[in-house]
Asks: 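I have a structure I would like to understand better, so I am pasting it below and will then ask my questions one at a time.
Being a predicted model, the structure only gives us computed values, none of them experimental.
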Amino acid sequence: MGRKILLITTDQMRYDALGCTGGKVARTPRLDALAQSGINFTRAHNQSVVCMPARATIVTGQYPATHGVWMNGVALPEDAPSVAHVLGTAGYKTALIGKAHFEPWMAPPGFYENEMARRGETGPHRGFDRMELANHFMTGNFHYDQWMQKEHKDQIGGFYPIVSETGQQNHIGGADTGAIQCWVNDMPRELYHTDWVADRVIAFLDSLDTEEDWFIWMSFPDPHHPWDPPASELGRVDWRDLDLPELYAGSHEERTELLERKPRHWKGAWDGSLRTNFEFPPNFRPCDLTDDQVREINAMNHIENELIDEACGRVFDHINARGWDGDTDIFFTTDHGEMQGDFGLMFKGAFHVDALMRLPFLWRPAPDHDTGPEAGTPRAVPNPVGHVDLAPTFCALAGLDVPEWMEGAPLPASAAEADDQSRETVLTGWDSVHRNSGDQDKAEHTLALRTISTRTHVLTAYRPGSIYDGTEGELYDLEDDPLQRINRWDDPACAAIRKELMTALLDEWPQEPDERLPRIGPA
């Protein structure tokens, strides 16, 4: 009997969502306990700040330039390499329960993720013996949707109506403040998709023999918008008691001044004058948000994060009851963050700052196999790591050689090991092509960002496109300006570090393909 692997991901969770990563509102004792007995990577970054490219990197161990998913709506090829296939070939039982999103959900027919539940199938697919899928909203496509329609049809109407009559993301608001995509969901908590994901993971565990090794990806759809947790849970956090985010400048004028220090698509996203990505709902202007709406959106996030922590705890307890805890490595992270009021913005987009790039990233090594000098103690690793390192780590834990096609490396188990590995940088990219709804006669906006992050600096170089000519960029000194307020790209005092980081970025960036995979749908 070898090491079992539980990968837990959320969707659109900020780095500071948990107590162990600096959060001060949501109560997350079960995840905080992982950090107390394991490794907390404090400078972990994704390789893309949107769902599909990030998830493709997790499953392949490759950068987006290699696996080809360059933006949302681009399907990961079915023959793409998968760590689940590698582990399955070695005898592991494999499952993905919850959100997959390797294939676009707003797409023409033919994608198996969108059809398997309607067919009454659970795979196998992409190396996973079993897939049971859910999303943040009801489309009817996924196993959770089908279960709700068959068993609890009267409760489906409680969810936020994510798609408008025009087929776009809805921008209507609800709850107490009318905040965009906040909603009072009158469904019972035990039917909500967070608990459903945990229930189905437990059911899969119960299908296994005690001696079997397994790899389970438990993938929660929350706290991604829409923010519509069960109404019974809204008393957990009163939005009226919350402070505004530190990066939500105090007045309209102060937010304007803050955004004008950055490249112009930042302010364009805020005031609605320049939309560069689908992930912002049409007709939504963050500059119109009220302070109370920002507070309520944050409160909904905190509530959803507490429910995730409790669902994780149920799974941890079940693993222990089966006698597997000593052999189980547990990983926790998210695909990308959420602006959540920072710089006056909401949702996600082409903004390479901590709100979207920096990840909660925990590893609790299997206690019976954690034999290093710091075994069982809280370890903080400040060296840069990324999603690209997860798949190689899983292979190493299973006693397998890391395949040559993986581009990351097994994660260090301590800060000293990270130093020995010379972990100094992590790369993040953005590519998008976007035409605003109703602007069919106007040219598409093209935007490309290439970012290199170290412990002390973040540099983003802008490639030529419809908005920028390729000379623009962003540079932040994390020691003097940890909140990334002041762009030092054109500061003569930073010329040397800018040149050094640009050289490293060009040297380390993976080779781009000659032709891109087609974009099939918006998301």
Asks: Can you tell me how far the CD1 atom of I58 sits from the CG atom of N46, to the nearest 0.5 Å?
Replies: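 Going from CD1 on I58 over to CG on N46, the span is 9.0 Å.
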Asks: Please report the C-alpha distance between C312 and M218 in whole Å, then the side-chain angles of each, then the deciding distance to 0.1 Å, and finally whether the side-chain contact (heavy atoms from CB on, under 4.5 Å) criterion is met.
Replies: CA-CA 9 Å; C312 288; M218 178 165 67; 4.2 Å; yes
Asks: Find the distance between CG (D199) and CZ (F204) and round it off to the nearest 0.5 Å.
Replies: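 Separation between the atoms: 15.5 Å.
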Asks: How close do P223 and N305 get, heavy atom to heavy atom, and via which atoms?
Replies: CG-OD1, 3.3 Å
Asks: If you measure from the Lys or Arg side-chain nitrogens to the Asp or Glu carboxylate oxygens, is any gap between D195 and R189 under 4.0 Å?
Replies: yes
Asks: Between D317 and R322 (salt bridge meaning N to carboxylate O under 4.0 Å), is one present in this structure?
Replies: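 R322 and D317: not salt-bridged.
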Asks: We want to know whether D222 and Y192 form a side-chain donor-acceptor pair, criterion being a heavy-atom distance below 3.5 angstrom.
Replies: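 Yes - a donor-acceptor pair under 3.5 Å links their side chains.
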Asks: Using modelled atom types and a 3.5 Å cut-off, is there a donor and acceptor pairing between side-chain atoms of H45 and backbone atoms of V426?
Replies: no
Asks: Between H67 and T57, is there a side-chain donor-acceptor contact under 3.5 Å, judged purely by atom types and distance?
Replies: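 A donor-acceptor contact under 3.5 Å links the two side chains.
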Asks: Determine, stepwise, if the pair L359 / Y15 fulfils side-chain contact (heavy atoms from CB on, under 4.5 Å).
Replies: CA-CA 5 Å; L359 312 169; Y15 167 78; 5.8 Å; no
Asks: Keeping T194 on the side-chain end and I308 on the backbone end, is there a donor-acceptor pair under 3.5 Å?
Replies: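 Between the backbone of I308 and the side chain of T194 there is no qualifying donor-acceptor contact (under 3.5 Å).
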Asks: Between T333 and P360 (side chain of the first, backbone of the second, donor and acceptor by atom type, cut-off under 3.5 Å), is there such a pair?
Replies: yes
Asks: Any side-chain donor paired with an acceptor under 3.5 Å for H302 and K24?
Replies: no
Asks: Between D243 and R295, is there a side-chain N and carboxylate O pair less than 4.0 Å apart?
Replies: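 Salt bridge between D243 and R295, a charged N being under 4.0 Å from a carboxylate O: no.
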Asks: Check whether D335 reaches the backbone of Q12 with its side chain - one donor and one acceptor, N or O, closer than 3.5 Å.
Replies: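 Answer holds: yes.
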Asks: How far apart are the closest heavy atoms of A413 and W363, and which atoms are they?
Replies: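 So the two residues come closest at CA-CZ3, 4.2 Å.
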Asks: F331 pairs by ring pair (Phe, Tyr, Trp, His ring centres under 6.0 Å) with which of F394, W217, F41?
Replies: F394
Asks: When rounded to the nearest 0.5 angstrom, what distance separates OG in S48 from CE in M357?
Replies: 11.5 Å
Asks: Between atom CG of N487 and atom CG of L258, what is the distance when rounded to the nearest 0.5 Å?
Replies: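 Here the rounded value is 11.0 Å.
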Asks: So, do M13 and L18 sit near enough that their side-chain heavy atoms are less than 4.5 Å apart?
Replies: yes
Asks: Would T377 and E374 satisfy side-chain hydrogen bond (donor to acceptor under 3.5 Å, both in side chains), going step by step from the backbone distance to the final call?
Replies: CA-CA 6 Å; T377 65; E374 300 177 68; 4.7 Å; no
Asks: Answer yes when D431 and R450 have at least one side-chain N-carboxylate O distance shorter than 4.0 Å, and no when they do not.
Replies: yes
Asks: For the pair D11 and K99, find out whether any cationic side-chain nitrogen is under 4.0 Å from an anionic carboxylate oxygen.
Replies: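 Looking at D11 and K99, the cut-off is met.
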Asks: Are the aromatic rings of H434 and F278 close, with centres under 6.0 Å apart?
Replies: no
Asks: Hey, is D342 close enough to R14 for a salt bridge, meaning N to O under 4.0 Å?
Replies: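 So D342 pairs with R14 through a salt bridge.
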Asks: For residues 386-397, which residue pairs pass the side-chain hydrogen bond (donor to acceptor under 3.5 Å, both in side chains) check, not counting sequence neighbours?
Replies: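 For residues 386-397: D389-R423.
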Asks: For the residue pair A198 and R314, what are the closest heavy atoms and their distance?
Replies: CB-NH2, 3.4 Å
Asks: Charged N to carboxylate O below 4.0 Å: is that the case for E306 and R236?
Replies: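 A salt bridge links E306 with R236.
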Asks: F343 and F351: ring-ring contact (aromatic ring centres under 6.0 Å, His included), yes or no, with the steps?
Replies: CA-CA 10 Å; F343 306 101; F351 314 110; 8.7 Å; no
Asks: Identify the residue among D176, N298, D292 that makes a side chain to side chain donor-acceptor pair (under 3.5 Å) with W239.
Replies: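 Output: one option passes, namely D176.
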Asks: Do you see a donor-acceptor pair shorter than 3.5 Å between the side chains of Q169 and Q181?
Replies: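 Present: a donor and an acceptor within the cut-off.
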Asks: Determine the minimum heavy-atom distance between P365 and R3, stating which atoms define it.
Replies: CB-NH2, 4.3 Å
Asks: Determine whether L427 and L505 satisfy the following criterion, side-chain contact (heavy atoms from CB on, under 4.5 Å), listing intermediate values before the conclusion.
Replies: CA-CA 8 Å; L427 304 176; L505 176 63; 4.1 Å; yes
Asks: Could you report the tightest heavy-atom contact between D288 and Q293, atom names first, then the distance?
Replies: O-OE1, 4.1 Å
Asks: Is it true that E257 and R261 have a side-chain N and a carboxylate O under 4.0 angstrom from each other?
Replies: yes
Asks: Please work out whether the ring planes of F128 and F102 are parallel, tilted or perpendicular, with thresholds of 30° and 60°.
Replies: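 Rings of F128 and F102: parallel, under 30°.
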Asks: Have a look at H152 and tell me which of W196, W147, F159 forms a ring pair (Phe, Tyr, Trp, His ring centres under 6.0 Å) with it.
Replies: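 Of the listed options, the one satisfying the test is W147.
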Asks: Distance only, no hydrogens: is a donor on one side chain within 3.5 Å (strictly under) of an acceptor on the other, for T9 and S219?
Replies: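 Side chains of T9 and S219: pair found under 3.5 Å.
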Asks: For the pair K4 and D325, find out whether any cationic side-chain nitrogen is under 4.0 Å from an anionic carboxylate oxygen.
Replies: no
Asks: With a 3.5 Å cut-off and sequence neighbours excluded, list the donor-acceptor pairs that the side chains of residues 263-270 form with protein atoms.
Replies:
{"residue": "H265", "atom": "ND1", "partner": "Y468", "partner atom": "OH", "Å": "2.7"}
{"residue": "H265", "atom": "NE2", "partner": "A350", "partner atom": "O", "Å": "2.7"}
{"residue": "W266", "atom": "NE1", "partner": "E474", "partner atom": "OE2", "Å": "3.4"}
{"residue": "K267", "atom": "NZ", "partner": "D271", "partner atom": "OD2", "Å": "3.3"}

Asks: Determine, for R30 against D309, whether the closest basic-nitrogen to carboxylate-oxygen distance falls under 4.0 angstrom.
Replies: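 A salt bridge is absent here (no side-chain N lies under 4.0 Å from a carboxylate O).
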Asks: Under the side-chain contact (heavy atoms from CB on, under 4.5 Å) rule, what do D228 and M300 come out as? Steps first, then yes or no, please.
Replies: CA-CA 7 Å; D228 55 358; M300 294 290 198; over 6 Å; no
Asks: Among E338, K348, E304, H336, find the one that has a side chain to side chain donor-acceptor pair (under 3.5 Å) with H224.
Replies: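 It is K348; the other options fail the test.
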Asks: Do T256 and E253 have side-chain atoms, one donor and one acceptor, less than 3.5 Å apart?
Replies: no
Asks: Establish, from distance only, whether the side-chain atoms of T428 and H352 form a donor-acceptor pair under 3.5 Å.
Replies: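 Note: T428 and H352 side chains miss the donor-acceptor criterion.
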Asks: In the structure I gave you, are the side-chain heavy atoms of L6 and F332 within less than 4.5 Å of one another anywhere?
Replies: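 L6 vs F332: side chains apart.
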Asks: So, the side chain of Q47 versus the backbone of V388: is there a donor-acceptor pair under 3.5 Å, distance only?
Replies: yes
Asks: Using modelled atom types and a 3.5 Å cut-off, is there a donor and acceptor pairing between side-chain atoms of T28 and backbone atoms of L31?
Replies: no
Asks: Tell me if a side-chain donor or acceptor on D145 pairs with a main-chain N or O of T139 at a distance below 3.5 Å.
Replies: yes
Asks: Identify the heavy atoms of A175 and E296 that sit nearest to each other, and give their distance.
Replies: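 That would be CB-OE2, 3.2 Å.
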